[in-house]
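To start, the structure under review is shown below, and the notes come after it.
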Protein chains: 2
Amino acid sequence: MTVTARVPLADLAALLADGTRARFCLALLDGRAWTAGELARHAGVAASTASEHLSLLVRGGILAEERQGRHRYVRLAGPRVAQLIEDLAAHADLAAPAPPPPTLRAASSARAMAAARTCYDHLAGRLGVAVTDALTARGLLRQDTGFALSDDGLAWFAADLGVRLAPRGRRPMAKACLDWTERRHHLAGVAGAVLCATLLERGWVTRIGTGRALRVTAPGARALEDLLGLKSVESAGSEAAAGSRP
Amino acid sequence: MTVTARVPLADLAALLADGTRARFCLALLDGRAWTAGELARHAGVAASTASEHLSLLVRGGILAEERQGRHRYVRLAGPRVAQLIEDLAAHADLAAPAPPPPTLRAASSARAMAAARTCYDHLAGRLGVAVTDALTARGLLRQDTGFALSDDGLAWFAADLGVRLAPRGRRPMAKACLDWTERRHHLAGVAGAVLCATLLERGWVTRIGTGRALRVTAPGARALEDLLGLKSVESAGSEAAAGSRP
DNA sequence: GGGATCGTGCGGCGCCCGCCGAAACGTCCG
DNA sequence: CGGACGTTTCGGCGGGCGCCGCACGATCCC
C-alpha cells in the first residue's frame with residue numbers, strides 16, 4: 001500500500017518533464033495551432049507516440065484541441081499556461097546556456113529570432129525589448145515600482161496607436177515577461193497582445209516564413225519612429241530561413 | 001544512438017516531477033531553511049533517499065545549501081525560483097481541487113493557513129489579499145493597468161510605514177502573486193517582502209508554531225486599521241495546530 | 001572517550017513510462 | 001467506390017529512476 005498521496009505540482013511538472021512533450025510545448029509557444037503529425041515530425045517521433053503525448057497534455061489542461069476533419073489541431077490552452085512555460089523555459093535556459101547552433105540554417109534562423117519574434121501573442125527579441133524600453137522612456141510604462149501602464153500610456157494606445165485597450169477577463173493589462181535572448185523584460189499581457197496584433201494587422205511587421213521570427217517592414221520602421229522615436233529598427237532581412245515548422 | 005538532444009525545459013521540470021521532491025519544494029515555500037532530516041520525515045522517506053533528492057535539487061539550481069556542523073540546511077535558491085514554484089503549484093491546484101482534509105488537525109491548520117500565511121517572503125491568505133486590496137483602494141497600488149506602486153505608494157512606505165524601499169538587484173519592486181486559497185492576486189516583490197518583514201519585526205503578526213501560518217496580534221490589528229483602514233482583521237486565534245514542521 | 005544523532009555512498013529491487021510497429025478507424029478526394 | 005492519408009489503439013520491449021537497508025564518516029554532547 002502506501003499510495004503516497006498525489007502531489008498536483010508533481011503531476012503538472014511530470015507533463016513537461018519529457019523531452020518530446022517539452023518540444024511540443026516550446027513549438028506551440030508560437031501561439032498557433034499545429035497538427036499532431038507536424039508535431040510528431042518536428043520532435044522526431046512516431047505518430048502513435050505523439051498522439052499519446054497530446055492526449056496527456058490535453059487531459060492535463062496544458063493544451064486545447066480542435067478537431068477538423070481528419071486533422072487534430074492543438075494549441076496552448078491559454079495565456080496563463082503560455083506564460084508558465086515561458087517562465088520555466090527562461091529559467092531552464094539560464095542554468096543551461098544554449099549550445100552553439102549545429103547547422104548554418106539554424107544559426108541564421110537563430111539570428112532572426114533574436115532580432116524579432118513573437119512570444120506566444122506578444123513581441124519579443126531585440127524588437128520587443130526596444131519597444132518596451134521606448135514606452136518606458138516616454139513615461140507610458142512604469143517599470144521602477146512594478147510593471148504597469150501609466151495614464152499617458154493608456155492615452156497613447158487610444159490616441160496615437162488608435163486601438164481600444166479593453167480589459168479581457170482576468171488577464172492583466174500589462175505584465176513583464178522575461179526575454180530569453182535579451183535577458184530583460186518585455187511587455188506582455190493584454191497590452192502586449194494588442195500591440196503585437198496591431199502591428200501585424202497593419203503590415204508593420206510580418207512573419208518570416210511560417211516560424212515565430214518577425215521582420216519589420218519599411219512602413220513599420222517609419223511608424224515605430226513616429227510613434228515611439230525608435231530609430232534604426234534593424235530589419236532582419238529576408239535571409240533568414242523559414243523556421244522549424246515542417 | 002539517437003541520444004535525443006537534451007531539452008533544458010524538460011530537465012528542469014523533471015526535478016519537480018517527483019512527488020517527494022515536490023513535497024520538499026512546497027515545504028520550503030515557507031522561506032526558511034530546513035535540515036535534510038526534517039524534510040525526510042516530512043515527506044515520509046528514508047534519510048538516504050532524501051539526501052539524494054536534495055543533491056539533485058541543489059545541482060539543478062532549485063535549492064541552495066548551507067552546512068552547519070553535522071546539519072545540512074537547504075532553502076529555495078531565491079525569489080525567482082520561489083515565484084516559479086508558486087506559479088506552478090497555483091496552476092496545478094486549479095486543475096486538481098484540493099481534497100477534503102483528512103484529519104481534524106489538518107483541517108484546523110488549513111483554516112489558519114487560509115486566514116494568513118507567508119508565501120516565501122511575503123503575506124498571503126485572506127490577510128495578504130486584504131492588505132493588497134486596501135493598498136489598491138487607497139491609490140497606493142495600481143492594478144488596473146498592470147501591477148505597480150504609485151508615487152503615493154512609495155511615499156506611504158517611507159512616511160506612514162517608516163521603512164526604506166530600496167531597489168534590490170534585479171528583483172521587481174512590486175509583483176502580483178496568485179493566491180491559491182483566495183484565487184486573487186496579492187503583493188509580492190521587494191515591497192511585499194519588506195512589508196512582511198516589517199510586520200513580523202514589529203510584532204504585528206507572529207508565526208503560529210513553526211509553520212507558515214500567521215496570526216495578527218492586537219497591536220497589529222490596531223496598526224493595520226490606522227495605516228490602511230483595515231477593519232476586523234480576524235485573528236486566527238490560537239486554536240490552530242503548529243503546522244507541518246516536525 | 002563513548003554513545004547518540006545526522007548525513008552520505010552503494011547495491012539491488014521493482015515499477016513506471018516512453019518508444020515503436022502493426023492494425024484499425026475515419027476522412028478526404030479522385 | 002477505392003485508395004491515400006492522418007490519427008488512434010494495443011502489445012511488447014527496454015531503460016531509467018525512486019525506493020530501501022546497510023555500512024560508514026562526521027559531529028555533538030555527556
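First the proteins, then the strands, lettered A, B, ... as listed; each starts at 1.
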base_contact_polar (C:dG7 base, B:Ser48 side chain, donor-acceptor, <3.5 Å):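 Check fails, no donor-acceptor contact within cut-off.
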
What nucleotide, of [options], holds the atom closest to the side chain of [X]?
{"X": "A:Ala47", "options": "D:dT8, C:dC19, D:dC19", "answer": "D:dT8"}
{"X": "B:Thr49", "options": "C:dG7, D:dC19, D:dT7", "answer": "D:dC19"}
{"X": "A:Glu52", "options": "D:dC19, D:dT8, C:dC19", "answer": "C:dC19"}

What is the nucleic acid contact for [X], judged by heavy atoms within less than 4.0 Å: base, sugar-phosphate only, or nothing?
{"X": "A:Ala46", "value": "sugar-phosphate"}
{"X": "B:Thr20", "value": "sugar-phosphate"}
{"X": "A:Ala36", "value": "sugar-phosphate"}

Nearest whole angstrom, please: distance from the [atom2] of [N] to the [atom1] of [X].
{"X": "A:Arg72", "N": "C:dC25", "atom1": "CZ", "atom2": "P", "value": "19 Å"}
{"X": "A:Glu66", "N": "D:dT7", "atom1": "CD", "atom2": "P", "value": "14 Å"}
{"X": "B:Glu38", "N": "C:dT5", "atom1": "CD", "atom2": "P", "value": "15 Å"}
{"X": "B:Leu54", "N": "C:dT8", "atom1": "CG", "atom2": "C1'", "value": "11 Å"}
{"X": "B:Arg6", "N": "D:dG16", "atom1": "CZ", "atom2": "C1'", "value": "11 Å"}
{"X": "A:Gln68", "N": "D:dT7", "atom1": "CD", "atom2": "C1'", "value": "15 Å"}
{"X": "B:Tyr73", "N": "C:dC6", "atom1": "OH", "atom2": "P", "value": "11 Å"}
{"X": "B:His71", "N": "D:dG25", "atom1": "NE2", "atom2": "C1'", "value": "16 Å"}

Run the ring-ring contact (aromatic ring centres under 6.0 Å, His included) test against B:His53 and tell me which residues pass, sequence neighbours left out.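 If we apply the ring-ring contact (aromatic ring centres under 6.0 Å, His included) test to B:His53, skipping adjacent residues, there are no hits.
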
For B:Arg117 and B:Thr181, does a side-chain donor sit closer than 3.5 Å to a side-chain acceptor?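 A pair is found: one side chain offers a donor N or O, the other an acceptor, under 3.5 Å apart.
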
Closest-nucleotide ordering on DNA chain C, the 5'-leading residue of A:Asp18 and A:Arg70: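 This one resolves to A:Asp18.
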
Here's a test of your reading of the structure: between B:Val45 and A:Ser51, which maps to the more 5' nucleotide of DNA chain D?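 Its nucleotide being nearer the 5' end, the pick is A:Ser51.
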
Would a distance-only check, ignoring hydrogens and angles, find a side-chain to backbone donor-acceptor pair under 3.5 Å from A:Thr49 to A:Val45?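 Not a single qualifying donor-acceptor pair exists.
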
How are the rings of B:His186 and B:His122 set relative to one another: parallel (under 30°), tilted (30 to 60°) or perpendicular (over 60°)?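 Geometry flag for B:His122 against B:His186: tilted rings.
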
Between B:Arg67 and D:dA26, is there a side-chain N or O to OP1/OP2 distance below 4.0 Å?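 No, because none of the side-chain N or O atoms of B:Arg67 sits under 4.0 Å from OP1 or OP2 of D:dA26.
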
Stepwise, does the side chain to side chain contact (heavy atoms under 4.5 Å, CB included) test hold for B:Trp204 with B:Val216? CA-CA 6 Å; B:Trp204 291 350; B:Val216 180; over 6 Å; no

